[in-house]
Amino acid sequence: MRPPTPIRNIGIIAHIDAGKTTTTEEILFLTGKEHRLGRVDDGTATMDWMEEEQRRGITITSAATTTYWKDCRINIIDTPGHVDFTAEVERSLRVLDGAIGVFCGVGGVEAQSETVWRQAGKYRVPRIALVNKLDRIGSSFYHVLEGMKRKLGARPVPLNIPLGSESAFHAVIDLISMRVTVFHEDPLDTKVGEQDIPPEMLTEAAKWRENLVAAAAEHSDSLMEKYLSGSEMSPDEIRAGLRTGTIAGRITPVLGGAALRGIGIQPLLDAVCHYLPAPEDLPPIQGIEPHTKKSALRKLSASEHVCALAFKTATDRHGELTYLRIYSGEVRSGDQLQNPRVNKSERLGHLFLLHANERVQVQKAVAGEIVGTVGLRFTVTGDTLCEKKCPILLEQMEFPEPVVSLSIEPKLSSDNDKLQQVLEKLAKDDPTFQTRIDAETGEIIVSGMGELHLEVLRNRMRDEFNLGVNVGEPRVAYKETIGASSDAEFTFSQKLGEKNHFGRVSVRVEPNPGHVHMQLENLLSKDAIPRQFVGAIEDALRSSAATGSLAGFPLVHLRVVVLSAVAHPADSTEMAFAAAASGALRKALEAATGIILEPIMKLEVTVPGEYLGDVLNDLNRRRAEIESMDLEETRRVIRGSVPIAAMFGYASSLRSLTQGRGAFSLEPLTYRPVPEETARRMTV
């Protein structure tokens with residue numbers, strides 16, 4: 001019996017414009033998945049299939065595909081590079097076994113490079129790196145290596161080094177074989193050749209090979225003995241040592257290339273197979289048993305009980321699709337699985353292998369695979385699916401809170417219901433998109449990660465759902481919290497119609513800086529009140545905590561504790577306890593020290609040196625706190641933090657100040673109290 005094809009589940013991560021999608025397109029062409037080369041610039045990239053992506057030339061949603069290289073099956077997820085779509089990167093990295101970090105040879109380690117690298121580290125995802133665009137003016141392979149050490153804390157280990165620089169870059173020196181890998185000038189010609197290393201490069205190549213061999217030896221006692229004794233290691237031994245170090249997260253193999261010209265992609269694919277882990281190389285997935293909260297493990301085996309993670313839902317022209325990573329067991333179309341978060345059964349519809357927006361139906365999926373399915377009713381991003389007889393709950397994913405809001409309404413009043421349905425679909429697909437009704441004005445308020453994020457969603461409503469909408473000006477998504485603890489009790493006792501309603505609830509509110517979302521704790525004894533009233537209390541508290549007492553903004557960093565409840569033998573109702581819980585929470589919040597918070601963004605601005613003074617003066621007016629100013633080549637890189645309230649329209653200002661030569665990025669960082677004057681205006 002032929003052994004199963006080795007699997008690599010990988011993501012491609014990078015700063016915007018580093019060349020992720022171009023690299024993916026080259027991979028698909030080289031592996032025969034596509035018979036033409038898609039290009040981002042002319043809107044023909046296979047993985048950027050959405051109309052909005054093709055129009056803007058950027059990746060907005062992570063796209064999955066499956067291809068084959070030599071004896072490996074490679075499942076690839078191409079992720080966005082723009083910070084507004086960071087949730088797409090987060091949920092992809094949650095389920096991937098390895099990643100390719102793509103760095104621009106000119107820009108180096110840029111702001112979003114650091115963000116996605118940190119996200120990969122959070123999930124302990126082993127990485128290799130491609131230094132791309134080495135054919136561009138100002139590119140430097142070695143500058144990027146230094147940036148990886150300094151900014152990422154990585155240990156880059158080059159597998160090859162470039163031959164030629166900038167426009168003369170045409171080949172790479174393989175440091176294991178000590179041969180030159182030559183690529184054809186025509187990117188449609190996928191053959192590679194080999195040559196001897198030019199004499200003038202032998203010393204440089206020998207230096208970097210020594211670095212490579214030393215890194216391989218560090219992760220094997222037998223190889224270290226060989227290294228110390230001066231014995232020669234075989235290529236397979238070197239690869240084995242590097243693979244061990246990569247999977248352990250101690251080293252990052254690095255390759256050079258220019259994806260647009262088809263240079264360096266074959267060695268990159270070889271590196272994926274040689275150094276990134278197969279699912280079975282990783283430890284068992286860990287979760288908890290939902291009823292007992294005890295630790296639970298699942299090994300990667302088709303004979304294990306089923307454990308799968310729904311890491312993404314997407315609504316497209318075919319309907320709603322749920323992406324699943326199968327961690328253990330085997331699933332088939334029609335299987336009944338349990339969602340322990342909501343304690344409901346789900347029936348799997350058809351199963352699909354994915355290629356961008358295309359689907360190939362399969363009958364089953366086994367441990368280690370990534371597939372799509374349809375027909376799930378209750379499952380959302382981050383939910384676990386398992387067997388009812390052997391449940392497991394995997395750790396939920398956490399996403400940043402939205403920072404920008406705007407009001408929205410349908411152009412036609414007859415589309416009110418349709419707008420609600422579309423907003424529900426978009427919010428289910430995107431964990432960083434939220435909607436609410438303004439209590440004072442009755443407006444629908446939508447919130448997201450930035451102006452671009454909300455603009456893209458508005459255009460999707462128009463293009464995909466045929467729904468025209470009017471939107472207001474972007475505004476800050478403020479939050480509220482409390483600065484002190486407070487207890488309060490509220491009694492609801494009224495006669496409505498012929499029925500008396502009674503409920504009494506006592507609660508405590510406490511600051512909870514470690515958690516963005518409200519935490520609810522119930523101290524009621526089992527026999528304090530009838531069971532059906534407990535759910536009414538908890539639901540009312542969660543609902544009421546959606547708006548603060550100062551200006552009606554959502555509450556964060558808050559713990560609510562139910563201290564006591566009193567029922568009447570005949571007159572208590574769920575409605576009465578819900579009203580009593582809401583009243584007690586309102587009283588407690590009013591007695592606590594309310595604080596309005598504004599989102600603070602991590603800021604990075606890159607400008608030519610001659611514009612530094614004007615840019616700094618402008619940032620100071622915007623309440624920016626500057627942490628560092630570094631000189632990189634001829635550019636100044638300003639890093640710090642700034643309230644997003646001060647950054648609307650900054651792209652135009654920076655363009656004007658630098659004659660179009662400046663660039664900047666913003667990333668959610670934290671929340672801080674608004675200035676006193678601003679708080680007074682909001683609470684008048």
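As the structure is a computational prediction, the values presented were derived from the model and not from experiment. Residue numbers run from 1 in the order of the sequence given.
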Keeping T244 on the side-chain end and A240 on the backbone end, is there a donor-acceptor pair under 3.5 Å?
yes

Closest non-hydrogen atom pair between A259 and T23, with its separation:
CB-OG1, 3.6 Å

Side chains of Y227 and E210 only: does a donor on one sit below 3.5 Å from an acceptor on the other?
yes

If we only count heavy atoms from C-beta on, is the V109 to H15 side-chain gap below 4.5 Å?
no

The test is side-chain contact (heavy atoms from CB on, under 4.5 Å); show your working for L30 and T67 and say whether it passes.
CA-CA 10 Å; L30 278 175; T67 191; over 6 Å; no

For a salt bridge (Lys or Arg N to Asp or Glu O under 4.0 Å) check, start with the C-alpha distance between K226 and E237, then their side-chain angles and the critical distance, and finish with the verdict.
CA-CA 10 Å; K226 273 195 169 186; E237 287 176 322; 3.0 Å; yes

Around atom CZ of R136, are there more than 12 heavy atoms from other residues, nucleotides or ligands closer than 6.0 Å?
no

Which pairs count as side chain to side chain donor-acceptor pair (under 3.5 Å) when at least one residue sits in residues 150-169, sequence neighbours excluded?
K151-E632, R155-E218

Does a side-chain heavy-atom distance below 4.5 Å link V131 with V254?
yes

Are side-chain heavy atoms of R639 and K602 found at a separation under 4.5 Å?
no

Indicate the atoms forming the closest heavy-atom contact of G19 with V102, along with that distance.
C-CG1, 4.3 Å

Show, in sequence, the C-alpha distance, side-chain angles and deciding distance for R661 and E610, and conclude whether the salt bridge (Lys or Arg N to Asp or Glu O under 4.0 Å) test is met.
CA-CA 11 Å; R661 296 169 64 193; E610 60 265 35; 3.0 Å; yes

Partner set under side chain to side chain donor-acceptor pair (under 3.5 Å) for Q659, not counting sequence neighbours:
none

Which pairs pass ring pair (Phe, Tyr, Trp, His ring centres under 6.0 Å) with one or both residues in residues 130-159, sequence neighbours excluded?
Y142-W208

Using side chain to side chain donor-acceptor pair (under 3.5 Å) as the criterion, list what pairs up with S628, not counting sequence neighbours.
none

Under 3.5 Å, is there a donor-acceptor pair linking the side chains of T381 and R91?
yes

Any side-chain heavy-atom pair of R239 and P235 under 4.5 Å:
yes

Does a sphere of radius 6.0 Å around CD1 in I137 hold more than 12 heavy atoms from other residues, nucleotides or ligands, not counting ones at 6.0 Å or beyond?
no

Distance-only donor-acceptor check, side chains S234 and D236, under 3.5 Å
no

Who passes side-chain contact (heavy atoms from CB on, under 4.5 Å) against S229, sequence neighbours left out?
S231

Does any non-hydrogen side-chain atom of L159 lie less than 4.5 Å from one of D174?
no

Side-chain donor-acceptor pair under 3.5 Å between D135 and H170, yes or no?
no

Going by the rule ring-ring contact (aromatic ring centres under 6.0 Å, His included), which residues pair with F399 if we only count those two or more places apart in sequence or in a different chain?
none

For S641 versus L669, what's the shortest heavy-atom pair and its separation?
CB-CD2, 3.9 Å

CZ (R8) and SG (C273) are apart, to the nearest 0.5 Å, by 6.0 Å

Of all pairs that satisfy ring pair (Phe, Tyr, Trp, His ring centres under 6.0 Å), the ones with a partner from residues 86-120, not counting sequence neighbours:
F103-W117

Do E667 and T115 have a side chain donor and acceptor closer than 3.5 Å?
yes

Might you point out which heavy atoms bring A271 and L255 nearest each other, and give the distance in Å?
CB-CD1, 4.0 Å

Decide whether T66 and N75 meet the rule of one side-chain donor and one side-chain acceptor closer than 3.5 Å.
yes

Using the test side chain to side chain donor-acceptor pair (under 3.5 Å), find all partners of E627 that sit at least two apart in sequence or belong to another chain.
none

Please confirm whether the backbone N or O of E369 pairs with a side-chain atom of N9, one donor and one acceptor, at under 3.5 Å?
no

Listed by chain and number, what are the salt bridge (charged side-chain N to carboxylate O under 4.0 Å, His left out) partners of D618, not counting sequence neighbours?
R621, R622

Got a sec: does the CG of D221 have more than 12 other heavy atoms crowding it under 6.0 Å?
no

Roughly how far, to the nearest 0.5 Å, is the CD1 atom of I12 from the CD1 atom of I27?
4.0 Å

Kindly indicate, with the supporting measurements, whether the criterion side-chain contact (heavy atoms from CB on, under 4.5 Å) is fulfilled by T658 and Y611.
CA-CA 6 Å; T658 64; Y611 304 112; 3.9 Å; yes

How about I238 and V213: do any of their side-chain heavy atoms sit closer than 4.5 Å?
yes

Do L276 and D97 pass the side-chain contact (heavy atoms from CB on, under 4.5 Å) test, and can you show the C-alpha distance, the side-chain angles, and the key distance before you say yes or no?
CA-CA 8 Å; L276 291 180; D97 302 327; over 6 Å; no

Pairs in or reaching into residues 267-282: which pass side chain to side chain donor-acceptor pair (under 3.5 Å), with residues at least two apart or in two chains?
W69-D270, K70-D270, R243-D281

If you draw the axis of the six-membered ring of Y327, does the NZ or CZ of R325 fall within 45° of it and under 6.0 Å from the ring centre?
yes

Could you walk me through whether V172 and I161 satisfy the side-chain contact (heavy atoms from CB on, under 4.5 Å) test, starting with their C-alpha distance in whole Å, then the side-chain angles of each, then the deciding distance to 0.1 Å, before giving a yes or no?
CA-CA 5 Å; V172 295; I161 58 174; over 6 Å; no

Using atom types as modelled and distance alone, determine if a side-chain donor or acceptor of R635 lies under 3.5 Å from a backbone N or O of P608.
no

Closest heavy-atom contact between T252 and A154?
OG1-CB, 4.2 Å

Mark yes or no for whether S139, through its side chain, and G105, through its backbone, hold a donor-acceptor pair below 3.5 Å.
no

Check: E204 side chain, M201 main-chain N or O, donor-acceptor pair, under 3.5 Å
no

Tell me the closest heavy-atom pair linking M178 and A206, and the distance in Å.
CE-N, 4.0 Å

Report yes if the side chains of D196 and V180 come closer than 4.5 Å at any heavy-atom pair, otherwise no.
no

Atom OH of Y68 and atom CZ of R73: how far apart are they, to the nearest 0.5 Å?
5.0 Å

R94 side chain vs M397 backbone, donor-acceptor pair below 3.5 Å
no

Side chains of L93 and I13, heavy atoms from C-beta outward: is any pair under 4.5 Å?
yes

Pairwise distance CG(L134) to CZ(R261) - rounded to 0.5 angstrom
10.0 Å

For E194, give me all partners under side-chain contact (heavy atoms from CB on, under 4.5 Å), at least two apart in sequence or on another chain.
R179

Side chain to side chain donor-acceptor pair (under 3.5 Å) partners for E90, two or more places apart:
Q119, K122, Y123

Check whether D630 reaches the backbone of V637 with its side chain - one donor and one acceptor, N or O, closer than 3.5 Å.
no

Looking at E604 and R636, does any basic side-chain N land under 4.0 Å from a carboxylate oxygen?
no

